Amino acid sequence: MKLQALSGMKDYLGYESEELTDLSNRGLELFARAGFRQIRTPLLEEAELFDRSLGSGSEVVNKQMYTVQQGGDRLIALRPENTAGVVRAVNENRLLSNRSQLKLCYAGPMFRHERPQSGRLRQFHQLGLELFGRSDPLADAEVIWLGQQLLQQLRIDNTKLLINSIGCTECRPDYIEKLIDAVEPAAEKLCQDCQQRLSTNPLRLLDCKNSCCQELYSDVAPSIVDHICDGCRKHLEQLQEYLALLGVESFLTASLVRGLDYYNRTTFEFVSGDLGQQDAVLAGGRYDGLVEQLGGEACPAIGFSAGLERIMLLRSSYNDPRVDVAVDCYFLPIGKQALYKILPLVAASRSDSSGLRVELGNPEKTVKSQLRRANRYGARAVLICGEQELDKGLITYKDMASGEQTALDLTTQKKFAEQLKRLYFKFN
RNA sequence: GUGGCCGUAGCUCAGCAGGCAGAGCACUCGGUUGUGGUCCGAGUUGUCGCCGGUUCGAAUCCGGUCGGCCACCCCA
């Protein structure tokens, strides 16, 4: 059988890999300016960590984790998301002792075993941040503002910010009860999935994509924002005020219910109409109970993460940046003697401070074919060395755009480098 | 996990009521001395995704499998 990448796993070639690195770096830099320090946690964690944080009933934990049985009954898992791991690390390294606030950011691969689609891979990359120790809506506003800044700086426009509050442990159970009461009488009209949800995860009824269900809910289902407690409502209202103040436009969306159990109060999602069904580019929410739930001192927190592959999809649909990087100087030796002369110059030109991209030809090939290749590489300058040059201690500088040729003195390397630079910048 | 469409040269694809595997682009070389792009000429490239079945004969029909795209589910 032919060897090939696993389903849903992708090779990032050339430009794609470079862009992935570049996007991560630009994001982390933006976060750093807002005081976030980097954290890099292991790709593997105990599976229990995700059971206890995301919720053992959640789709991600139930069906999408890559797990490995290790030793006796120890089950380990490739991380399907990063918040749980970060919280584990915060607790384990006691990062919250002696401080009231902690800001962390990260970028790296996540793994979910689901059916691949555009914008959905089994190994994908997320860029995100977590802010610990702040329960005030100003923290939410700052975090959401950073999300918006990130998208803006990466030239992702046409996104829409959806926000919602899913209440807290005090008020959510009451709401869920009311929701069930309202929907249950009509249970027979619901789709299969919703009938299931009614018993397993009633909140998720709200974001069913079936239009029949949606119609029913808009008729009978109470809106969650009308039923959250005073504290939660004030939090939401204050957040909306701050967002307005920051110039961040948001749309209150009662159906925005996220799939991970740890969220409370604020949830938000930046969605794009240009991504097909996988429309969330950047999403997150508040998770005030998680730190304690995973064994730490109680500590409120909020965070988000962005899907880098989805960002790349959006960028390529707006502009087509797939241009191969051109070579600056192509060294062209004619014969082995010339190679001996040229090789040290190539080495020097690649390592000096000029930053020039340098390519070396093949001394066995004809001048014609080497020049062809130099041209294909987009070389701006070619440095030719053959018998004629060797005799005189010279090297020929050829500017590819004009075809103009100049002789450079080869007597000392330093002198050569200076001349090369001068000529190169004269022509470019 | 469920369903629909797809898989032929490095790339984009044609060929498919069963009869020698194709085109464009790309690539290599050449168009007399050591000069690219444009032009002209020549040439190379295949496990037709894989395994099996039907058949005298399968890229073509059938079954399975792997991979891709899309939708559901769910999510970044």
Side-chain angles (χ1 to χ4, degrees), chain A residues 1-10 13 54 57-65 80-83 107-128 147 150-151 156 159 191-194 196-197 201 204 207-210 256-260 268-272 275-285 303-314 330 332-335 338 361 363 365-390 396 398-405:
Chain A
M1 194 175 105
K2 212 183 284 180
L3 290 173
Q4 55 185 345
L6 293 171
S7 176
M9 306 275 171
K10 180 179 160 48
L13 307 173
L54 310 185
S58 71
E59 185 95 359
V60 170
V61 166
N62 254 341
K63 290 155 57 177
Q64 301 179 355
M65 280 209 299
E81 60 99 52
N82 207 25
T83 300
M110 309 295 158
F111 304 84
R112 289 181 200 173
H113 190 101
E114 39 185 348
R115 196 68 165 257
Q117 232 170 288
S118 92
R120 179 198 287 161
L121 293 159
R122 289 184 174 174
Q123 174 175 340
F124 60 102
H125 295 79
Q126 286 190 334
L127 167 67
L150 176 70
L151 296 178
I156 308 297
T159 62
C191 68
Q192 286 281 318
D193 291 323
C194 279
Q196 188 73 28
R197 291 186 183 111
N201 198 344
R204 300 219 59 94
D207 66 355
C208 179
K209 281 177 184 126
N210 186 307
L256 179 63
V257 182
R258 302 185 45 71
L260 312 178
F268 63 96
E269 220 169 72
F270 285 86
V271 297
S272 165
L275 274 178
Q277 288 309 299
Q278 282 63 49
D279 62 352
V281 186
L282 184 155
F304 68 68
S305 77
L308 288 176
E309 283 82 0
R310 289 183 186 177
I311 286 177
M312 293 205 281
L313 281 176
L314 289 172
Y330 188 97
L332 192 163
I334 307 165
K365 295 268 182 188
T366 63
V367 175
K368 186 192 189 92
S369 86
Q370 290 196 72
L371 269 172
R372 266 186 192 157
R373 173 156 300 179
N375 190 60
R376 186 149 19 92
Y377 286 164
R380 310 228 174 90
V382 173
L383 291 134
I384 302 167
C385 183
E387 260 177 55
Q388 295 166 20
E389 286 82 1
L390 286 172
T396 299
K398 178 184 176 78
D399 176 70
M400 290 296 271
S402 65
E404 196 175 319
Q405 298 193 170

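Keep in mind it's a predicted model, so treat the numbers as computed, not measured. We name chains A, B, ... by the order of the sequence lines, and we start the count at 1 in each one.
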Please classify the glycosidic conformation of B/A17 as syn (within 90° of 0) or anti (everything else). syn
Selection residues 368-382 of chain A - residue pairs positive for salt bridge (charged side-chain N to carboxylate O under 4.0 Å, His left out), sequence neighbours left out: A/Asp328-A/Arg380
Qualifying salt bridge (charged side-chain N to carboxylate O under 4.0 Å, His left out) pairs with a residue from residues 111-124 of chain A, counting only residues at least two apart or across chains: A/Glu114-A/Arg120
Protein-proximity profile, nucleotides 27-35 of chain B, B/S/- by nucleotide at the 4.0 Å heavy-atom cutoff, equals SSBBB--BB
With sequence neighbours left out, write down each residue that passes side-chain hydrogen bond (donor to acceptor under 3.5 Å, both in side chains) with A/Gln126, or none if nothing qualifies. A/Ser305
How would you list, by chain and number, every residue that makes a side-chain hydrogen bond (donor to acceptor under 3.5 Å, both in side chains) with A/Thr396, sequence neighbours excluded? A/Glu389
Once you apply a heavy-atom cut-off of 4.0 Å, does [X] come out as touching a base, just sugar-phosphate, or nothing?
X: A/Ala280; answer: sugar-phosphate
X: A/Ala374; answer: nothing
X: A/Gly284; answer: nothing
X: A/Gly147; answer: nothing

Could you run through RNA chain B and flag its stems, i.e. three or more consecutive Watson-Crick or G-U pairs with both distances under 3.5 Å? B:1-7 with B:66-72, B:10-13 with B:22-25, B:27-31 with B:39-43, B:49-53 with B:61-65
Close N/O contacts between protein and nucleotides 5-12 of chain B (under 3.5 Å):
none

To the nearest 0.5 Å, what is the distance between [atom1] ([X]) and [atom2] ([Y])?
X: A/Leu282; Y: A/Ser272; atom1: CG; atom2: OG; value: 12.0 Å
X: A/Leu383; Y: A/Lys398; atom1: CG; atom2: NZ; value: 11.5 Å
X: A/Leu6; Y: A/Leu121; atom1: CG; atom2: CG; value: 12.5 Å

Nearest-Å distance for atom pair CD/P, residues A/Glu269 and B/C75: 9 Å
Using atom CZ of A/Arg115 as one end and atom C1' of B/G3 as the other, report the distance to the nearest whole Å. 9 Å
Side-chain donor or acceptor of A/Arg310 paired with backbone N/O of A/Gly119 under 3.5 Å: yes
Counting only N and O atoms by type, is there a donor-acceptor contact under 3.5 Å from the side chain of A/Gln123 to the main-chain atoms of A/Gly8? no
List the residues meeting side-chain contact (heavy atoms from CB on, under 4.5 Å) with [X], not counting sequence neighbours, and say none if there are none.
X: A/Ser369; answer: A/Lys365, A/Thr366
X: A/Ile334; answer: A/Leu332, A/Val367, A/Ile384
X: A/Thr83; answer: A/Glu81, A/Val87, A/Glu130, A/Tyr262, A/Tyr287, A/Leu290
X: A/Glu404; answer: A/Ser402, A/Lys426, A/Phe427

Give every pair of a protein N or O atom and an N or O atom of nucleotides 43-46 of chain B that lie under 3.5 Å apart, one pair per line with the distance.
none

Ring-plane angle category for A/Tyr377 and A/Tyr330, please: parallel below 30°, perpendicular beyond 60°, tilted otherwise. tilted
Reckon A/Gln117 has a side-chain N or O less than 4.0 Å from the OP1 or OP2 of B/A71? yes
How far, in whole Å, is [M] from [N] if one measures between their [atom1] atoms?
N: B/C16; M: B/A59; atom1: C1'; answer: 8 Å
N: B/A76; M: B/G15; atom1: C1'; answer: 42 Å
N: B/U2; M: B/A14; atom1: C1'; answer: 34 Å

A/Ser305 side-chain proximity, nearest of B/C66, B/A76, B/G36: B/A76
Using the side-chain contact (heavy atoms from CB on, under 4.5 Å) rule, pick out the option among A/Leu313, A/Ile311, A/Leu150 that qualifies with A/Ile156. A/Ile311
Hey, does the side-chain of A/Arg120 have a donor or acceptor N/O within less than 3.5 Å of a partner on the base of B/C74? yes
Answer yes or no: side-chain N or O of A/Asn375 and base N or O of B/G36 forming a donor-acceptor pair under 3.5 Å. yes
Need to verify one output field. Residue with the more 5' nearest nucleotide on RNA chain B, A/Ser7 or A/Phe270? A/Ser7
